[in-house]
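The structure under discussion appears below in the form of structure tokens.
Every chain is numbered from 1, with letters handed out A, B, ... down the list of sequences. Values below: all heavy atoms of this structure, side chains included; hydrogens, waters and symmetry mates excluded. Bear in mind that the values here come from a model prediction, so they are computed numbers and not experimental data.
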Amino acid sequence: MNSQTEISKQIRMRAQNVDVFYGDKQALKKINLDIAANQVTALIGPSGCGKSTFLRCLNRMNDTIDSCKVSGDVSLDQRDIYSKDVDVVELRARIGMVFQKPNPFPKSIYDNVAYGPRIHGLTNNRHELDIIVEQSLLRAGLFDEVSDRLNSPGTSLSGGQQQRLCIARAIAISPEVILMDEPCSALDPIATAKVEELIDELKDHYTIVIVTHNMQQAARVSQYTAFFHLGEIIEFAETEKIFTNPVEKRTQDYITGRFG
Amino acid sequence: MGSLFTLIITLALAFPIGVATAVYLEEFAPKNRFTDFIEVNINNLAAVPSIVFGLLGLAIFIQVFHLPRSAPIVGGLTLMLMTLPVIIIATRAALKAVPPSIREAAYGVGASRLQVVTHHVLPLGLPGILTGTIVGMAQALGETAPLLMIGMVAFIVDTPGGPLDAATVLPVQVFLWADSPERGFIEKTSAAIMVLLAFLIVMNALAIYLRQKFEIRW
Ligand SMILES: Nc1ncnc2c1ncn2[C@@H]1O[C@H](COP(=O)(O)OP(=O)(O)OP(=O)(O)O)[C@@H](O)[C@H]1O
Ligand SMILES: [Mg+2]
């Protein structure tokens, strides 16, 4: 049933037989998924099916939840990220994350972006840091809007700007993979369009995994799509195939809005 | 002066210990039976009548450690015992109030647990922590019962030269003076009460000022 699509591209991350429990409750069952390098992989499915849970397995954010137990293998460039000798801090520097609600730190725009490079000691030099901040903001498509007020608080920006600030913050530490959990769900259509455009540009440099409830968005921005239902992957294939010619009836029903 | 020394000692001990305990319990301690037990006990301690702390102070600091009676250091230590639970509870509440999204954001860019706490949670919780501390201190300032027990009741004429000299504190002074209504003491009592109230008002004003100064919106 788990139609294992062979990905023709290079594989950056791979999940094998991943089970996740919250206490006694199983949230994910035997998840197998490959994430192609420099592509956008979309995770879709009805609410509560475990998309966010899976996303959080990929950078071990579930470690911060006491009741959460993860088993199975998740690897990044063929290295198991759950093995004992992996430094979680370093791992999260390689796998950045953007959250559903924009969550800038209550600091200045500059400090928001500079925070990651600072704690990872990427540079001690003020000038280099300035360049990293500027580059990140440029890439996130925010620089023009905020270049004259880098010292005003990040929280003073509009929602869409805040979300792009969070993206800038994530890319400031040059991650290889960026995980995005419904990054546009708090944004209006224009801000959404901007972020989508941005995602499309970012995929040249980064591998992106995005959770979305918006079918059009998945179709627009992603190259691969995985359909989750009740903690399982029902179908995983090229986005085009999922949306035009799904194998599973449940997938078809979900994307045409007949269930969920 | 007795009040001042006593209070400084209380603050110097209760603030770091209280905040450290709260941070540990809230952010680092594993959730198990043992930490649950400690939590319940801290909550209970906050509700113990202050005179009990006075007796405890008497028993421990004077009988066991033989510190001088009537000295601000004993008063301070005793009041520290009393304010500690208040500070711990206030600090934990302040830390809990820091939105989880900020923690997630920090973890998401690869901050370690310690960095999350020191860079984000503590600064954001600071206004609440300070308010709680000052409220606890104000309560300590006005406390009489525990200090009667440790003998800070002496009729002391000189101002104390240091934390080990005999001294008395304002509320105890008021308590005693009000008891002996000979002429002359009525004015003194009133004056002492006014000083005490002024102290309290200043402290509460400070609490409000600090809270607003550090208040950060998100
Ligand atoms: N911290 C938690 N503790 C206990 N159970 C949790 C926790 N987080 C999620 N769950 C459970 O795990 C299941 C999957 O949740 P998850 O958040 O991954 O769903 P989702 O697909 O992201 O949903 P949505 O689209 O609404 O965001 C749900 O049944 C949820 O109740
Ligand atoms: Mg979710």
Side-chain angles (χ1 to χ4, degrees), chain A residues 52 55-56 58-67 87-108 111-122 136 153-157 162 165-175 178-181 186, chain B residues 22-40 91-131 209-218:
Chain A
S52 301
L55 201 66
R56 295 164 59 91
L58 296 178
N59 70 343
R60 293 186 59 176
M61 277 300 270
N62 285 331
D63 289 14
T64 59
I65 301 173
D66 286 332
S67 68
D87 180 5
V88 185
V89 165
E90 193 213 339
L91 176 77
R92 296 210 188 107
R94 294 177 63 192
I95 307 179
M97 190 157 193
V98 176
F99 298 84
Q100 180 165 0
K101 257 178 54 199
N103 54 356
F105 299 129
K107 300 173 185 267
S108 72
D111 285 336
N112 261 284
V113 183
Y115 182 70
R118 275 194 188 125
I119 60 170
H120 293 292
L122 295 189
S136 309
T155 41
S156 68
L157 297 173
Q162 286 188 20
L165 178 63
C166 292
I167 294 176
R169 180 176 65 190
I171 58 186
I173 45 179
S174 323
I178 304 178
L179 310 175
M180 300 184 169
D181 195 349
Chain B
V23 169
Y24 176 73
L25 282 178
E26 193 59 40
E27 303 287 335
F28 296 101
K31 303 270 173 286
N32 56 27
R33 277 267 182 72
F34 183 63
T35 43
D36 278 355
F37 179 74
I38 292 181
E39 261 186 70
V40 171
T91 304
R92 295 193 61 176
L95 296 182
K96 271 213 184 87
V98 174
S101 62
I102 296 293
R103 291 165 200 263
E104 289 196 323
Y107 281 123
V109 291
S112 68
R113 211 165 192 180
L114 189 64
Q115 284 170 331
V116 172
V117 173
T118 54
H119 296 171
H120 300 283
V121 179
L122 268 185
L124 294 180
L126 201 60
I129 297 175
L130 288 177
T131 315
Y209 170 73
L210 284 175
R211 191 172 54 203
Q212 289 189 339
K213 180 153 185 264
F214 288 106
E215 182 107 285
I216 304 166
R217 269 165 246 286
W218 52 76

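Smallest separation of non-hydrogen atoms from Pro104(A) and Ile102(B): O-CD1, 3.5 Å. When every heavy atom of Ile119(A) is checked against every heavy atom of Ala111(B), the shortest pair comes out as CD1-CA, 3.6 Å. Smallest separation of non-hydrogen atoms from Ala105(B) and Asn103(A): CB-ND2, 3.3 Å.
For Phe34(B), the CZ atom is loosely surrounded, since the number of other residues' heavy atoms within 6.0 Å does not exceed 12.
A salt bridge links Arg56(A) with Glu104(B): the closest approach of a Lys/Arg side-chain nitrogen to an acidic carboxylate oxygen falls below 4.0 angstrom.
Screening Arg169(A), Met97(A), Arg118(A) against Val109(B) for a side-chain contact (heavy atoms from CB on, under 4.5 Å) leaves a single residue, Arg169(A).
For a residue to count as touching a neighbouring chain, one of its non-hydrogen atoms must lie under 4.5 Å from one of that chain's; by this rule Ile173(A) touches chain B with the side chain only. Residue contact with chain B, scored on non-hydrogen atoms closer than 4.5 Å, involves the side chain of Phe99(A) exclusively.
Separating the CZ atom in Arg103(B) from the OG1 atom in Thr64(A) is a distance of 10.0 Å, to the nearest 0.5 Å. One finds the CZ atom of Arg92(A) at 7.5 Å from the OH atom of Tyr107(B) (value rounded to the nearest 0.5 Å).
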### From CA spacing to verdict: side-chain contact (heavy atoms from CB on, under 4.5 Å), His119(B), Tyr115(A)
CA-CA 10 Å; His119(B) 296 171; Tyr115(A) 182 70; 2.7 Å; yes
